Amino acid sequence: MNFILHLGLGSFHRAHQAVYVHALRQQGDTGWAIAGGNLRPDMADTIAALQAQDGRYTLETVTPQGERNYTVIESIQRVIPYQDDLAPLIAMGADPATRIISFTVTEAGYYLDAQNQLDWPTFADLRADLAAVKAGQAGHTIYGGLVSILRARRAAGAGAVTLMNCDNLRHNGDRSRGGLLQFIEALGDAPLKEWVEQNTTSPNAMVDRITPRPTPDVAERVKAATGWDDKAALMGESFIQWVIEDDFIAGRPAWETVGVEMVQSVQAHEEAKIRLLNATHSCIAWAGTLAGYQYIHEGTHDAAIRQMAYDYVTDDAIPVLHTPEQPCPINLEQYRDVVLDRFGNPAIADTNQRVAMDAFSKIPGMIAPTIRDKLARNASFDSVAMLPALFLAYLQRWHAGQIPYSYQDQAMDPAVAHAICDAADPVAAYAADTTLWGEMASHPQLLDALRKAYARVLAFVAERTGA
Ligand SMILES: NC(=O)c1ccc[n+]([C@@H]2O[C@H](COP(=O)([O-])OP(=O)(O)OC[C@H]3O[C@@H](n4cnc5c(N)ncnc54)[C@H](O)[C@@H]3O)[C@@H](O)[C@H]2O)c1
Ligand SMILES: OC[C@@H](O)C(O)[C@H](O)CO
């Protein structure tokens, strides 16, 4: 049997990639299975539950009409427990049966700047990981972890392997590959770099299925519907999509037989997904939090918030994705409307907390590119400027301890964020942040658009909260 070793055994992997491999196995194609574990010591309860259940768990899916379906997913055949030295993950990665190493380590797990360079000065985790790997320890970022695995694989003569990124990142295969090669260069391991260049490929992919963090009521519904007291149950929307560039150096499952789109270039799909779905999702999460909502569907059904999301897509995102010179093969107006319908499904009950997170990597990755494209055309970008302006208002409330949940942001330096909020001119300080804006930092048109948008956001908040 061939294995996909997955790094980052979070909810999304179990609701998406594991489902496609399960579908293959269900139709009798049992040539591939998944082995999965984490690079970090998190989610210990879920990993333990999965181990106790031999990797099996129930996925509840919910349709736009609110119908719920239950499937026991059985494709994760090996659950790899976390160890500080990552020995079990490294052994699995060095096994010739492993033909694909895939990963979901969140958007914040790549540490790249707008020029696709590893941002060493900004990210202490990255510097610490390089030092650890240099000292002979296992790495715990995606780069250090892959280096530990690939060094062992090369030494074992286990052969070529595909490195498959499944995170919401533009050009996710190319960019994480670039980060990995830079990390290896910084280590000074030229033989490993050459081996990686010759023995791995990194297809780009677009992944899609809204998968909320599982709450206790999911397990309760699963038990009521199936009788199984499943400790690793989770829930996702019924919609699912995966588009992958067909560039697998050591073979792959016949994913095209279970609905995966295998393509030559994923670019149009990833741009549509990142700009029309992910950026819009963040918009609704930040605005919804400011308006006092807990859930994404609540903000989506609020006319003013929906309009902000709609205007961003219509005025600024679509015009740069679909141009007379480069027509987009996807019907973007339809995509926008379907996305807003998906967000509006109350049965998904996705939280603003989950979607609002990691703005310091989502703004540069998902929102700044539209501003950059508009600036390059010397066109106005007032609608897209509303998104970062919403986040600035959100950040001010975080600074004041007024966000009603814990805000998680791996790419945010809290001292820098507090300093932005304390500045005499917070909008100018925000527009000057290079983690967010790269080379656009303090651009006069950016600052001007943010000032106008921030005034609109403050008026929106005042109307909703009286504050
Ligand atoms: N949940 C969704 O709706 C969804 C949909 C499409 C794509 N995704 C992608 O999947 C990612 C994970 O989502 P999830 O729902 O599984 O989240 P999750 O919180 O359930 O899991 C996060 C996983 O990432 C790992 N991780 C986090 N930060 C890391 C880091 N810096 N280095 C190494 N590992 C790290 C964790 O160990 C864990 O395995 C998202 O960030 C996104 O890129 C999620
Ligand atoms: O925008 C947040 C994402 O996790 C989103 O739920 C996902 O990308 C949908 O596929």
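Just so you know, these numbers come straight off a predicted model, no measurement behind them.
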Colleague: Measure the acute angle between the ring planes of H13 and H6, then classify it against the limits of 30° and 60° as parallel, tilted or perpendicular.
Modeller: parallel

Colleague: Would you mind reporting whether M164 and F103 have side-chain heavy atoms less than 4.5 Å apart?
Modeller: no

Colleague: Check whether any side-chain heavy atom of T122 sits under 4.5 Å from a side-chain heavy atom of D413, and report yes or no.
Modeller: no

Colleague: Give a yes or no on whether a salt bridge exists between R451 and D425, defined as a side-chain N under 4.0 angstrom from a carboxylate O.
Modeller: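 The answer is yes: the pair qualifies as a salt bridge.
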
Colleague: Within the 4.5 Å heavy-atom criterion, are I403 and T289 side-chain neighbours or not?
Modeller: yes

Colleague: Can you check whether L39 reaches Y82 side chain to side chain, under 4.5 Å on heavy atoms?
Modeller: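 L39 vs Y82: side chains apart.
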
Colleague: Does atom CG of D422 have more than 12 heavy-atom neighbours, drawn from other residues, nucleotides or ligands, at distances under 6.0 Å?
Modeller: yes

Colleague: Before you tell me yes or no, could you show the steps for E261 and Q241 under side chain to side chain donor-acceptor pair (under 3.5 Å), namely the whole-Å CA-CA distance, both residues' side-chain angles and the distance that decides it to 0.1 Å?
Modeller: CA-CA 8 Å; E261 295 160 69; Q241 191 178 17; 3.2 Å; yes

Colleague: Does R14 count as lying over the ring of Y57, i.e. NZ or CZ under 6.0 Å from the six-ring centre, within 45 degrees of the axis?
Modeller: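 So R14 does make the cation-pi contact.
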
Colleague: Drop me the distance from Y70's OH to T226's OG1, to the nearest 0.5 angstrom.
Modeller: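 One finds 8.5 Å between OH of Y70 and OG1 of T226.
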
Colleague: Less than 4.5 Å apart, side chain to side chain, heavy atoms only: is that true for I4 and V21?
Modeller: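 Result yes, sub-4.5 Å side-chain heavy-atom pair found.
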
Colleague: Are any of the side-chain nitrogens in R306 or D311 under 4.0 Å away from the carboxylate oxygens of its partner?
Modeller: no

Colleague: Using the rule given for salt bridge (charged side-chain N to carboxylate O under 4.0 Å, His left out), can you reason through R464 versus D302, listing the C-alpha separation, both sets of side-chain angles and the distance that settles it, and then say yes or no?
Modeller: CA-CA 11 Å; R464 292 317 170 86; D302 178 308; 2.4 Å; yes

Colleague: Any side-chain to backbone donor/acceptor pair from R127 onto P121? Under 3.5 Å, distance only.
Modeller: yes

Colleague: Which of parallel (below 30°), tilted (30 to 60°) and perpendicular (above 60°) describes H418 and H399?
Modeller: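 Tilted, since the angle between the ring planes falls between 30° and 60°.
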
Colleague: How far apart are the C-alpha atoms of Y111 and D113, what are their side-chain angles, what is the distance that settles it, and do they pass the side chain to side chain donor-acceptor pair (under 3.5 Å) test?
Modeller: CA-CA 7 Å; Y111 315 104; D113 66 17; over 6 Å; no

Colleague: Sub-3.5 Å donor-acceptor pair from the side chain of E237 to the main-chain atoms of T61, do we have one?
Modeller: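 The answer is no, because no donor-acceptor pair under 3.5 Å joins these two groups.
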
Colleague: With L340 as reference, evaluate V313, I284, L277, L276 under the side chain to side chain contact (heavy atoms under 4.5 Å, CB included) test and give the passing residue.
Modeller: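 Among the candidates, only I284 passes.
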
Colleague: Kindly say whether A356 contributes a backbone atom to a donor-acceptor pair with the side chain of K362 at under 3.5 angstrom?
Modeller: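 The answer is no, because no donor-acceptor pair under 3.5 Å joins these two groups.
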
Colleague: Do Y407 and Y394 have ring centres separated by under 6.0 Å?
Modeller: yes

Colleague: Is E60 salt-bridged to R68, going by a charged N under 4.0 Å from an acidic O?
Modeller: yes

Colleague: When you measure from the side chain of D167 to the backbone of L169, do you find a donor-acceptor pair of N or O atoms at a distance under 3.5 Å?
Modeller: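 No; judged by distance alone, with no hydrogens or angles, the pair does not exist.
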
Colleague: Quick one about N165 and S176 (side-chain donor to acceptor, distance below 3.5 Å, no hydrogens or angles considered), yes or no?
Modeller: yes

Colleague: With distance as the sole criterion, is a donor-acceptor pair present between the side chains of K273 and N168 under 3.5 Å?
Modeller: yes

Colleague: Measuring centre to centre across the rings, with the benzene-like ring taken for any Trp, is F391 within less than 6.0 Å of W286?
Modeller: yes

Colleague: Classify the ring geometry between H297 and Y295 as parallel (under 30°), tilted (30 to 60°) or perpendicular (over 60°).
Modeller: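 H297 and Y295: parallel rings.
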
Colleague: Just by distance, do the side chain of D315 and the backbone of S383 share a donor-acceptor pair under 3.5 Å?
Modeller: no

Colleague: Any chance you could measure R209, atom CZ, to I240, atom CD1, to the nearest 0.5 Å?
Modeller: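 Between atom CZ of R209 and atom CD1 of I240 there are 3.5 Å.
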
Colleague: Would F360 and D433 count as a side-chain contact (heavy atoms from CB on, under 4.5 Å) here? Give the steps.
Modeller: CA-CA 10 Å; F360 273 78; D433 188 280; 4.2 Å; yes

Colleague: Nearest 0.5 Å, please: how far is CD1 in I296 from CG in N345?
Modeller: 12.5 Å

Colleague: When you measure from the side chain of W255 to the backbone N and O of L24, does any donor-acceptor pair fall under 3.5 Å?
Modeller: no

Colleague: Strictly by modelled atom types, are Y335 and D337 linked by a side-chain donor-acceptor pair under 3.5 Å?
Modeller: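 D337 and Y335 do not have a side-chain donor-acceptor pair below 3.5 Å.
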
Colleague: Do Q410 and E107 meet the criterion of a side-chain donor-acceptor pair at a distance under 3.5 Å?
Modeller: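 Side-chain D/A pair, Q410 to E107: absent.
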
Colleague: Mind checking whether H269 and W242 have ring centres under 6.0 Å apart?
Modeller: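 Ring centroids of H269 and W242 are no less than 6.0 Å from each other.
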
Colleague: Which value, rounded to the nearest 0.5 Å, describes the distance between Y20 atom OH and S75 atom OG?
Modeller: 12.5 Å

Colleague: First locate atom CG of D409, then atom OG of S361, and finally report the distance between them rounded to the nearest 0.5 Å.
Modeller: 6.0 Å

Colleague: In this structure, is the centre-to-centre distance between the rings of F343 and H281 below 6.0 Å?
Modeller: yes

Colleague: Any side-chain to backbone donor/acceptor pair from N204 onto V266? Under 3.5 Å, distance only.
Modeller: no

Colleague: For the pair T63 (side chain) and Q65 (backbone), establish whether a donor and an acceptor sit closer than 3.5 Å, ignoring hydrogens and angles.
Modeller: yes

Colleague: Do NZ/NE/NH1/NH2 and the carboxylate oxygens of D217 and K223 come within less than 4.0 Å?
Modeller: no

Colleague: Would you call D382-R456 a salt bridge at under 4.0 Å N-O?
Modeller: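 Here D382 does not pair with R456 in a salt bridge, since their nearest N and O are not under 4.0 Å apart.
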
Colleague: Quiz question: by atom type and distance under 3.5 Å, do the side chains of R336 and T314 form a donor-acceptor pair?
Modeller: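 A pair is found: one side chain offers a donor N or O, the other an acceptor, under 3.5 Å apart.
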
Colleague: Before you tell me yes or no, could you show the steps for R372 and E439 under side-chain contact (heavy atoms from CB on, under 4.5 Å), namely the whole-Å CA-CA distance, both residues' side-chain angles and the distance that decides it to 0.1 Å?
Modeller: CA-CA 10 Å; R372 191 170 285 116; E439 84 296 348; 2.7 Å; yes

Colleague: Between D230 and Q53, is there a side-chain donor-acceptor contact under 3.5 Å, judged purely by atom types and distance?
Modeller: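 Result is yes, a qualifying pair exists.
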
Colleague: Under the criterion side-chain contact (heavy atoms from CB on, under 4.5 Å), I'd like the reasoning laid out for D119 against L126: C-alpha separation, chi angles, the key distance, then a yes or no.
Modeller: CA-CA 8 Å; D119 189 349; L126 190 59; 5.8 Å; no

Colleague: Report yes if the side chains of V62 and S238 come closer than 4.5 Å at any heavy-atom pair, otherwise no.
Modeller: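 Not touching, per the 4.5 Å side-chain cut-off.
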
Colleague: Step by step, work out the side chain to side chain donor-acceptor pair (under 3.5 Å) result for N172 and Y110.
Modeller: CA-CA 10 Å; N172 59 3; Y110 296 95; over 6 Å; no

Colleague: For D42 and N38, does a side-chain donor sit closer than 3.5 Å to a side-chain acceptor?
Modeller: yes

Colleague: Has T104 got a side-chain atom pairing as donor or acceptor with G8's backbone, closer than 3.5 angstrom?
Modeller: yes

Colleague: Anything under 3.5 Å between a donor and an acceptor, one on a side chain of residues 443-450, the other on a protein residue two or more places apart or in another chain? List them.
Modeller:
{"from": "H443", "atom 1": "ND1", "to": "Q445", "atom 2": "N", "distance (Å)": "3.1"}

Colleague: Return the CG to CZ distance between L290 and R397, rounded to the nearest 0.5 Å.
Modeller: 5.5 Å

Colleague: As a quick check of understanding, evaluate side chain to side chain donor-acceptor pair (under 3.5 Å) for Q294 and T351, giving each step before the final call.
Modeller: CA-CA 6 Å; Q294 184 180 356; T351 58; over 6 Å; no

Colleague: Test side-chain contact (heavy atoms from CB on, under 4.5 Å) on Q264 and D246; report intermediate values, then the result.
Modeller: CA-CA 6 Å; Q264 211 187 344; D246 202 352; over 6 Å; no

Colleague: Using atom types as modelled and distance alone, determine if a side-chain donor or acceptor of R275 lies under 3.5 Å from a backbone N or O of I367.
Modeller: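 No; zero donor-acceptor contacts below 3.5 Å.
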
Colleague: Is D125 salt-bridged to R40, going by a charged N under 4.0 Å from an acidic O?
Modeller: yes

